[in-house]
Amino acid sequence: MAKEFVKEITSMDEDFAQWYTDVVTKADLIDYSSVRGSMIIRPYGYSLWDNIKNELDSRIKETGHENVYMPLFIPESLLQKEKDHIEGFAPEVAWVTHGGSEELAERLVVRPTSEVLFCEHYKNIIHSYRDLPKLYNQWANVVRWEKTTRPFLRTLEFLWQEGHTCHATDEEALDETVKMLKVYADVCENILAIPVVQGQKTEKEKFAGAKLTYTIESLMHDGKALQTGTSHHLGDGFAKAFGIQYTDKEGQLQYVQQTSWGFTTRVIGAMIMVHGDDRGLVIPPNAAPTQVMIVPIAQHKEGVLDFAYELKSKLSNVARVGIDASDKKPGWKFNEYEMKGIPVRLEVGPKDIEKGQAVLARRDTGEKFFVSLEDLETKLPELLEDIQRSLYEKAKNHREDKTNAALNLDEFKTVLEKETGFIKAMWCGDRACEDKIKEETTATSRCIPFEQEQVSEKCVCCGKEAEKMVLWAKAY
């Protein structure tokens with residue numbers, strides 16, 4: 001039964017892309033919609049996003065930000081105000097040209113991001129230094145007309161939060177940019193058990209219109225990198241384009257310094273590709289909609305179902321607990337919840353009740369063991385903590401195993417040919433070298449890590465003197 005069931009999922013080593021597609025559909029995370037590159041997020045997938053969203057939202061509010069909502073449509077003239085910004089987004093923009101049967105006098109953009117809308121609003125509400133800082137965030141959907149799509153990782157429409165803030169000084173804006181990046185890293189590492197590298201994007205890879213972009217980068221099971229969150233110091237470029245000024249304490253007019261930062265449903269794709277295996281999803285307990293699934297054994301026998309429901313009620317004080325009391329066979333249920341990545345399965349039947357015990361099965365290792373009923377309320381939280389910690393450590397070890405150093409371009413190519421993963425290499429800072437590496441290897445600069453190492457003294461591409469170590473990889 002188990003082997004037949006798992007046949008529905010392609011082996012990771014056989015075809016990683018197909019494995020991913022199988023998992024997101026078979027585990028009921030998404031369904032495809034009638035529009036190319038769009039997805040329906042099913043209840044199980046959305047409850048996972050809800051958990052991530054709630055964790056992040058509480059942290060955003062704890063750092064003093066307020067939630068707002070901006071319109072879906074942006075007038076073309078508004079988007080045109082910041083030159084670099086419109087150029088950066090032009091290829092991905094979706095346009096509204098008609099309202100009903102009438103052609104619009106001015107085209108509207110379906111928001112790809114909301115910088116310009118926030119800027120227009122900030123211009124109207126910021127006048128004095130007393131109005132600063134303005135710390136706003138919105139949870140919304142955005143549209144980017146991608147050519148190649150994959151569920152969660154790259155879709156025409158996706159869900160996210162976008163923070164947009166205004167500050168009096170460059171220093172305050174920089175502090176905000178770093179602070180929010182660390183919030184993202186916290187959610188990735190402590191909720192999703194995904195180890196990340198924090199760093200700065202190169203000039204080439206930064207956000208269109210930003211002064212600088214910070215990023216968290218993670219490594220997937222197949223050795224490709226994924227950008228899991230970004231935070232941008234916008235400087236005063238948007239402020240000058242939109243006329244967002246305030247009167248300082250000396251009575252002088254100044255332009256505000258701005259930031260923007262975003263975290264999307266893409267992290268669900270990251271979680272799948274970091275932790276999943278050939279049996280399907282593996283969800284870290286801190287993110288899991290259901291942490292423990294109770295499967296009654298021989299539930300047709302008197303007292304078993306009643307006992308299982310009592311157990312659910314009792315354990316719900318210490319974990320998010322579900323129960324499957326359907327008439328499907330236990331073997332089907334075991335496979336179903338393994339595929340859905342539920343961290344712990346709890347089996348209880350007549351013999352267990354008689355002996356005062358339950359069987360616990362870990363999703364991450366497959367290990368099964370008996371626990372006395374009276375110890376369950378203590379043991380379950382400890383087990384969930386251990387699974388969370390183990391998943392993080394396993395992912396971190398995987399990343400370290402797939403991280404190599406390269407001293408020159410030939411070495412760089414050799415490393416990439418042998419295996420995928422992160423490559424640590426020095427860079428002179430010249431855009432031409434960055435372009436050449438991408439052209440000859442298809443690897444891109446992922447970030448200039450905050451934690452620097454002196455791999456060598458020479459640029460990996462041109463051999464000239466270099467001061468910055470850059471993390472490179474093939475990426476999603």
Main-chain N/O of [Y] paired to [X] side chain as donor or acceptor, under 3.5 Å:
X	Y	answer
E55	I191	no
N51	A287	yes
R42	L29	no
N397	E393	yes
T63	R59	yes
Q291	R320	yes
S47	Y44	yes
S231	T177	yes

Please find the pair of heavy atoms, one from [X] and one from [Y], that lie closest to each other, and give the distance.
X	Y	result
A425	A406	CB-O, 3.6 Å
G223	T420	CA-OG1, 3.3 Å
V93	P112	CG2-CG, 4.4 Å
Y255	G243	CE2-CA, 4.4 Å
A185	Q198	CB-NE2, 3.6 Å
A193	H275	O-CE1, 3.1 Å

If only side-chain N and O atoms count, and only distance matters, is there a donor-acceptor pair under 3.5 Å linking [Y] with [X]?
X	Y	result
D170	H233	yes
E176	H65	yes
Q257	K211	no
T444	E205	no
H164	S260	no
Q18	D22	yes

Heavy atoms, side chains only, cut-off 4.5 Å: are [X] and [Y] in contact?
X	Y	value
E377	N317	yes
V142	F158	yes
E419	N404	yes
M271	I283	yes
Q258	C166	yes
L253	T247	yes
E338	R363	yes
D131	I125	no

- Verdict with supporting geometry, Q200 and Y214, side chain to side chain contact (heavy atoms under 4.5 Å, CB included): CA-CA 4 Å; Q200 183 178 334; Y214 291 140; 3.7 Å; yes
- Message: Consider ring pair (Phe, Tyr, Trp, His ring centres under 6.0 Å). Of Y184, W139, W49, which one does F263 pass it with?
- Response: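 Single ring pair (Phe, Tyr, Trp, His ring centres under 6.0 Å) partner of F263 among Y184, W139, W49: Y184.
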Say you draw a straight line from [atom1] of [X] to [atom2] of [Y]; how long is it, rounded to the nearest 0.5 Å?
X	Y	atom1	atom2	result
I437	T441	CD1	OG1	6.5 Å
E172	T259	CD	OG1	11.5 Å
S33	L156	OG	CG	8.5 Å
M180	T230	CE	OG1	12.0 Å
L135	T165	CG	OG1	6.0 Å
T290	D324	OG1	CG	11.0 Å

- Task: Decide side chain to side chain contact (heavy atoms under 4.5 Å, CB included) for T25 and I30; before the verdict, give the C-alpha distance in whole Å, the side-chain angles of both, and the deciding distance to 0.1 Å.
- Result: CA-CA 6 Å; T25 52; I30 67 114; 4.2 Å; yes
- Cation over ring face, K123 and F242, 6.0 Å, 45°: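 The answer is no, since K123 fails at least one limit relative to F242.
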- Task: Please step through side chain to side chain contact (heavy atoms under 4.5 Å, CB included) for the pair I9 and D278, ending with a clear verdict.
- Result: CA-CA 7 Å; I9 298 175; D278 281 342; 5.8 Å; no
Should the ring pair [X] and [Y] be called parallel, tilted or perpendicular, given that the plane angle runs from 0 to 90° and is split at 30 and 60?
X	Y	result
H121	Y136	parallel
H221	H398	parallel
H232	F207	parallel

- Query: What do you reckon, is CD of Q454 surrounded by more than 12 foreign heavy atoms closer than 6.0 Å?
  - Reply: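 Counting neighbours around CD of Q454, more than 12 heavy atoms of other residues, nucleotides or ligands fall under 6.0 Å, so yes.
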- Message: Is it the case that over 12 heavy atoms from other parts of the model lie below 6.0 angstrom from the CH2 atom of W145?
- Response: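 No - once you tally the heavy atoms of other residues, nucleotides and ligands closer than 6.0 Å, there are 12 at most.
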NZ/NE/NH1/NH2 to OD/OE distance under 4.0 Å, [X] and [Y]:
X	Y	value
K206	E203	yes
D175	K179	no
K340	E336	yes
K464	D430	no
K201	E217	yes
R279	D277	no

- Apply salt bridge (charged side-chain N to carboxylate O under 4.0 Å, His left out) to E434 and K438, showing your working. CA-CA 6 Å; E434 190 178 1; K438 183 177 181 181; over 6 Å; no
- Determine, step by step, whether F118 and Q138 satisfy the side chain to side chain contact (heavy atoms under 4.5 Å, CB included) criterion, reporting the C-alpha distance in whole Å, the side-chain angles of both residues, the deciding distance to 0.1 Å, and the verdict. CA-CA 10 Å; F118 276 90; Q138 85 161 344; 4.2 Å; yes
- Task: Start with the C-alpha distance between D57 and K53, add both sets of side-chain angles, then the distance that settles salt bridge (charged side-chain N to carboxylate O under 4.0 Å, His left out), and finish with yes or no.
- Result: CA-CA 6 Å; D57 192 60; K53 179 178 178 239; over 6 Å; no
- Go through the steps to decide whether D364 and K394 satisfy the test salt bridge (charged side-chain N to carboxylate O under 4.0 Å, His left out), and finish with yes or no. CA-CA 10 Å; D364 61 332; K394 183 182 177 184; over 6 Å; no
- So among T149, T113, V110, which one has a side-chain contact (heavy atoms from CB on, under 4.5 Å) with R144?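 Single side-chain contact (heavy atoms from CB on, under 4.5 Å) partner of R144 among T149, T113, V110: T113.
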- Task: Not counting sequence neighbours, which residues clear side-chain contact (heavy atoms from CB on, under 4.5 Å) with Y129? List them please.
- Result: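 side-chain contact (heavy atoms from CB on, under 4.5 Å) check on Y129 returns Y246, K249.
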